[in-house]
Number of protein chains: 2
Amino acid sequence: MDTKKRSDCPISSSLDIWGDKWSLLIIRDLMFAKQCTYGDFLKSDEKIATNILASRLLMLETNGLISKQDHPESKAKVLYKLTQKGVDLLPVMIEINIWADKYFTLPLERKAMLVEVKKDKEAFIRNQTAALLKNG
Amino acid sequence: MDTKKRSDCPISSSLDIWGDKWSLLIIRDLMFAKQCTYGDFLKSDEKIATNILASRLLMLETNGLISKQDHPESKAKVLYKLTQKGVDLLPVMIEINIWADKYFTLPLERKAMLVEVKKDKEAFIRNQTAALLKNG
DNA sequence: TATTTGCACTTGCAAAATGCAAGCAAATTT
DNA sequence: AAATTTGCTTGCATTTTGCAAGTGCAAATA
């Protein structure tokens, strides 16, 4: 896991953490599902390799975007959740969706989310943030 | 240049195009400077390698985010500019800056931009978009 | 006019990251 | 007690990145 900053630019510093083809997909899964197990991430359509998943989860945890928690039903399972720092990427995620809505064909469920967003973006972010952070 | 989509997810499709450590820095340079030559990109703090720069510029051009134009003063130079599709990433770029402002130390010039953004985000995007698209 | 410099790349090669398949230990289920 | 699930790790081939040097054309300089 490379750890050196390339410059003082905020865009560059951000990309140093989650600027790759997989990290934002992990964050996406957590934003839509609220919490996921290791196996849940592996089930996503993009089919991330297990070693890459492990290295990304470590990177995101090390940088404070996600946290691990015990699964209430089983010691064999681990729950991953977004921290405040991770949840704060919600506006970025929403803007990417809006951009993609203009230039790609979105799945219906994602279209539905954007309808909600367009009604009142601030409120959507406020509510979704609260939902994601509920229960430590 | 890999060209196959990993899934129908808009986040994934977006990352397929600009989800790497360099593409958004190129777009950043164009958003702040309006237009750049090949050499201008090489001067940025992050010190991109020339072959990577060439491959990213091709990727971004192929996907319609940037375009090449003749330099008005010299046939030896090439000007790169954002297309509408590229300029439309401005809200994403702004949200990344806002996120980074919360978790990193920003350079003063970037702080100043955020002050403007916070006064009226919509207006800032409208004005900046117009400025970037002015003159073919 | 000849020559050097500037500009936008390309090429070759080493190093690092990615992707795939298999393996593994602890917990859970049968 | 044996088989399965879960969250990883390991080994190795393939791909991408990074660095340095080189190329070809335009423009400036001598």
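Numbered from 1 within each chain, the chains take letters A, B, ... in sequence-line order.
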Requested in this report: Can you tell me the distance, in whole Å, between the CG atom of B:D70 and the P atom of C:dC7?
Outcome: 16 Å
Requested in this report: Scan A:D20 against the nucleic acid and name what it touches under 4.0 Å (heavy atoms): base, sugar-phosphate only, or nothing.
Outcome: nothing
Query raised in the report: Counting any heavy atom closer than 4.0 Å, what does B:Y80 reach on the DNA or RNA strands: base, sugar-phosphate only, or nothing?
Result: sugar-phosphate
Query - Distance below 4.0 Å between A:K77 side-chain N/O and D:dC8 OP1 or OP2 - result: no
Report task. Mind checking A:S55 for me? I need base, sugar-phosphate or nothing, with any heavy atom below 4.0 Å counting as a touch. Result -> nothing
Report task. In sequence, state the C-alpha distance, the side-chain angles, and the governing distance for B:D40 and B:T37, and then conclude on side-chain hydrogen bond (donor to acceptor under 3.5 Å, both in side chains). Result -> CA-CA 5 Å; B:D40 289 336; B:T37 64; 3.2 Å; yes
Query raised in the report: Taking the nucleotide of DNA chain D with the closest heavy atom to each, which residue, B:S74 or A:L57, is nearer the 5' end?
Result: A:L57
Query raised in the report: Of the candidate nucleotides D:dC8, C:dT18, D:dT17, which contains the atom at the shortest distance from the side chain of A:K68?
Result: D:dC8
Query raised in the report: Do any side-chain nitrogens or oxygens of A:W22 fall under 4.0 Å of OP1 or OP2 in C:dG19?
Result: yes
Report summary line: Rounded to whole Å, the NZ-P distance (A:K21 to C:dA17) equals 16 Å
Requested in this report: Rounded off to whole Å, could you give me the CG-to-P distance for the B:N51 and D:dC19 pair?
Outcome: 10 Å
Requested in this report: Check the distance between C:dT28's C1' and A:H71's NE2 and give it to me in whole angstrom.
Outcome: 13 Å
Query raised in the report: If you check the B:V78 side chain, which of D:dT9, C:dC9, D:dT17 turns out closest?
Result: C:dC9
Query raised in the report: If we only count heavy atoms from C-beta on, is the B:L132 to B:T129 side-chain gap below 4.5 Å?
Result: no
Requested in this report: Decide side chain to side chain contact (heavy atoms under 4.5 Å, CB included) for B:K121 and B:I98; before the verdict, give the C-alpha distance in whole Å, the side-chain angles of both, and the deciding distance to 0.1 Å.
Outcome: CA-CA 11 Å; B:K121 198 189 283 185; B:I98 291 172; 4.1 Å; yes
Requested in this report: Among the candidates C:dC20, C:dT18, D:dG18, find the nucleotide nearest to the side-chain atoms of A:R56.
Outcome: C:dT18
Query raised in the report: Given C:dC7, is OP1 or OP2 found less than 4.0 Å from the side-chain N or O atoms of B:K43?
Result: no
Query - Residue that, paired with B:M31, satisfies side-chain contact (heavy atoms from CB on, under 4.5 Å) out of B:V87, B:I26, B:L89 - result: B:L89
Requested in this report: In whole angstrom, give the distance that lies between atom CG of B:D16 and atom C1' of C:dT18.
Outcome: 15 Å
Requested in this report: Would you state whether a donor and an acceptor, one from the side chain of B:T50 and one from the base of C:dT10, lie under 3.5 Å apart?
Outcome: yes
**Report entry** Exceeds 12 heavy-atom contacts within 6.0 angstrom, atom NZ of B:K75
**Finding:** no
Query raised in the report: Quick one: B:K75 NZ to C:dC7 P, roughly how many Å, whole number?
Result: 18 Å
Report task. Name the closest nucleotide to the A:A76 side chain, picking from C:dT18, D:dC8, D:dT6. Result -> D:dT6
Requested in this report: Take atom CG of B:L53 and atom P of C:dT11, then tell me their distance rounded to the nearest Å.
Outcome: 16 Å
Query raised in the report: What is the distance from CG of A:L15 to P of D:dT17, rounded to the nearest Å?
Result: 13 Å
